[in-house]
Protein chains: 2
Amino acid sequence: MTSDLLTRLRTRDWRLSAQRRAVAQVLVGEHVHLTAEQVHDLARERLPEISRATVYNTLNELVAMGELLEVDVADGPKRYDPNVVERHDHLVCEGCQAIRDVPRAGPPPEIAERARGGFLVTGVEITYRGLCPACARRHRATGDRRGTAGDEMVTVP
Amino acid sequence: MTSDLLTRLRTRDWRLSAQRRAVAQVLVGEHVHLTAEQVHDLARERLPEISRATVYNTLNELVAMGELLEVDVADGPKRYDPNVVERHDHLVCEGCQAIRDVPRAGPPPEIAERARGGFLVTGVEITYRGLCPACARRHRATGDRRGTAGDEMVTVP
DNA sequence: GTATATGCAAAGCATTTGCATTAAA
DNA sequence: TTTAATGCAAATGCTTTGCATATAC
């Protein structure tokens, strides 16, 4: 499976309109986690007449097709992640809501049988919270505690 | 620290109105992950005149005080988790959106230095996805694949 | 040519806010 | 008595929908 969304879409039986192409083109790259509104803005740079409704429709279709991941790890509107090929987790900055993909570092902890209560587990998502370099700097400078209240410190190798 | 929300709130300097008490009383128990609307409905059984705005205000205050956790792991509106004392993760049913708390089973995987890209990691959240016993049964019965598309199977001990 | 995608504008939730009234301390 | 919380209703933000028109195949 190619890691390129456009290439995969061409091999699918999916009507490729100018609008859908514009949306797909915007969703290329690493650490891309755009909101629907951001996708709309960027797509309009390529195709000024594309409507908000079409962007929402297209994003929902791509998600249903498994070509796009919905991520809801930060405040505000949902974000869309085109990285469906490599298993990865998310690192979210509590200061500026920036998101980075990080490769899955190892097997996630396994839940004991009794704690599962009969649930069948089919997948695991891991979200790391923290501060990006810029926000960490500002944080140290101002002594501001926003974004870390209640968080445990995690040992970093 | 007591595990009881009401008890903790009494020791805090927080005006305890009938409305706030009703909200806090609703938020007692294990595996409680109510939406704001559900909190409103249940609180109204105790105090019929409580308004939606007050429920939202109160929930936001409790979250800001660290007495309540906002969880956004399922479709639809945010849910509120009163279990702030024990570190735990969430097990979410893809069929009916039910949520169970599960104790943290072990240390989460550690992100390699280079993958962190200068981020300071301060916390980790783990969400297990799957099917609750009832939905798993229905799923086997109907051959329905809803809720598991794209998920990897995780070995269960 | 026909099925399907688009754009528009309106509707739909979830949530927040401004402000006059009410109640806690 | 003073300060802060409540309720209402209106506003906001994000997302979906109905339907007539345009377009890919």
Side-chain angles (χ1 to χ4, degrees), chain A residues 6 9-27 33-65 67-81 97 99, chain B residues 6 9-27 33-65 67-81 97 99:
Chain A
L6 263 319
L9 291 179
R10 258 180 244 114
T11 72
R12 283 206 177 231
D13 156 27
W14 195 53
R15 284 201 183 186
L16 202 36
S17 65
Q19 290 84 340
R20 288 174 170 187
R21 189 162 21 244
V23 168
Q25 284 171 335
V26 153
L27 291 169
H33 304 93
L34 300 168
T35 64
E37 201 56 43
Q38 290 172 325
V39 171
H40 188 209
D41 289 344
L42 292 169
R44 259 191 303 198
E45 291 177 7
R46 295 167 180 270
L47 191 69
E49 67 271 30
I50 189 173
S51 73
R52 209 199 315 285
T54 294
V55 170
Y56 275 101
N57 288 340
T58 304
L59 292 173
N60 286 338
E61 281 155 16
L62 290 172
V63 170
M65 290 160 70
E67 297 290 357
L68 196 55
L69 256 28
E70 233 175 51
V71 301
D72 206 2
V73 293
D75 287 346
K78 277 184 293 224
R79 288 158 190 280
Y80 294 90
D81 181 347
Q97 311 287 312
I99 304 175
Chain B
L6 263 321
L9 291 178
R10 259 182 243 113
T11 73
R12 282 203 177 233
D13 155 28
W14 196 53
R15 284 201 182 185
L16 201 36
S17 65
Q19 289 83 340
R20 288 176 171 185
R21 189 160 22 242
V23 168
Q25 284 170 335
V26 154
L27 292 168
H33 304 95
L34 300 168
T35 65
E37 201 56 42
Q38 290 172 325
V39 171
H40 188 209
D41 289 343
L42 292 170
R44 259 192 303 198
E45 292 177 6
R46 296 169 180 270
L47 191 70
E49 67 270 31
I50 189 172
S51 73
R52 209 197 316 281
T54 294
V55 169
Y56 275 102
N57 288 340
T58 304
L59 292 173
N60 285 339
E61 281 155 16
L62 290 172
V63 169
M65 290 160 72
E67 297 290 358
L68 196 55
L69 256 28
E70 233 175 51
V71 302
D72 206 1
V73 293
D75 286 348
K78 277 184 293 226
R79 288 159 189 278
Y80 294 90
D81 181 347
Q97 311 287 312
I99 305 174

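So that the names make sense, note that chain A is the first sequence line, chain B the second, and so on, each numbered from 1. What's counted below: heavy atoms across the whole structure, side chains too, no hydrogens, waters or symmetry copies.
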Looking across every strand, which nucleic acid part, if any, lies under 4.0 Å from B:Asn60 by heavy atom: base, sugar-phosphate, or nothing? sugar-phosphate
Under 4.0 Å, heavy atoms only, any strand: does B:Glu49 hit a base, just the sugar-phosphate, or nothing? sugar-phosphate
Per-residue pairing states of DNA chain C in dot-bracket (Watson-Crick or G-U under 3.5 Å; . unpaired, | other strand) read |||||||||||||||||||||||||
Between atom CG in B:Leu47 and atom P in D:dT6, what is the gap in whole Å? 10 Å
Counting side-chain heavy atoms from C-beta on, which of D:dT16, C:dT15, C:dC8 comes nearest to B:Ala36? C:dT15
Could you tell me the separation between the CZ atom of B:Arg20 and the C1' atom of C:dA24, rounded to a whole number of Å? 10 Å
For B:Asn57 and C:dT17, give me the distance from atom CG to atom P, rounded to whole Å. 9 Å
From C-beta outward on B:Tyr56, which listed nucleotide comes closest to its side chain: D:dT3, C:dT16, C:dT6? C:dT16
Here the distance between atom C1' of D:dT6 and atom CZ of B:Arg21, to the nearest Å, is 15 Å
Is the backbone N or O of A:Tyr56 less than 3.5 Å from a side-chain atom of A:His40, with the two atoms forming a donor-acceptor pair by type? no
Starting at atom CZ of A:Arg10, determine the distance to atom P of D:dC25, rounded to an integer number of angstrom. 12 Å
Let's see if you can work this out: which of D:dA5, D:dT23, C:dC8 has an atom nearest to the side-chain heavy atoms of B:Ser17? D:dA5
Pick one: which of B:Arg52, B:Arg79, B:Lys78 meets salt bridge (charged side-chain N to carboxylate O under 4.0 Å, His left out) with B:Glu37? B:Arg52
Test item: B:Val26 and B:Tyr80 side chains (from C-beta on) under 4.5 Å apart, heavy atoms: no
Does D:dG7 have OP1 or OP2 under 4.0 Å away from a side-chain N or O of B:Thr54? yes
Check against side chain to side chain contact (heavy atoms under 4.5 Å, CB included), A:Leu9 and A:Met65: CA-CA 10 Å; A:Leu9 291 179; A:Met65 290 160 70; 3.8 Å; yes
Both B:Ala53 and A:Val55 contact DNA chain C. Taking the nearest nucleotide for each, which residue is further toward the 5' end? A:Val55
Going through the checks in order, is the side chain to side chain contact (heavy atoms under 4.5 Å, CB included) test met by B:Val39 and B:Thr58? CA-CA 11 Å; B:Val39 171; B:Thr58 304; over 6 Å; no
Taking D:dG7, C:dT16, C:dT6 as options, the one with an atom nearest any side-chain atom of B:Gln19 is D:dG7
Check every atom of C:dC8, D:dA4, D:dG7 against the side chain of B:Arg15 and return the nucleotide holding the closest atom. D:dA4
Rounded distance in Å - CG (A:Leu59) to P (C:dT6): 11 Å
Nearest-neighbour nucleotide for the A:Pro77 side chain, D:dT15, C:dT15, D:dG7 considered: D:dT15
CZ of B:Arg21: more than 12 outside heavy atoms within 6.0 angstrom? yes
If you apply the rule side chain to side chain contact (heavy atoms under 4.5 Å, CB included), what do you find for A:Val23 with A:Ile50, and how did you get there? CA-CA 9 Å; A:Val23 168; A:Ile50 189 173; 4.0 Å; yes
Given D:dG7, D:dT15, D:dA4, the nucleotide with the shortest approach to the side chain of B:Ile50: D:dG7
On a plain distance test, is the side chain of B:Arg52 in donor-acceptor contact with the base of C:dT15 below 3.5 Å? no
Spacing of B:Glu70 atom CD relative to C:dT16 atom C1', expressed in whole Å: 13 Å
Output the rounded distance in Å from NE2 (A:His40) to P (D:dT16). 15 Å
What's the spacing between A:Arg20 CZ and A:Leu6 CG if we round to 0.5 Å? 13.5 Å
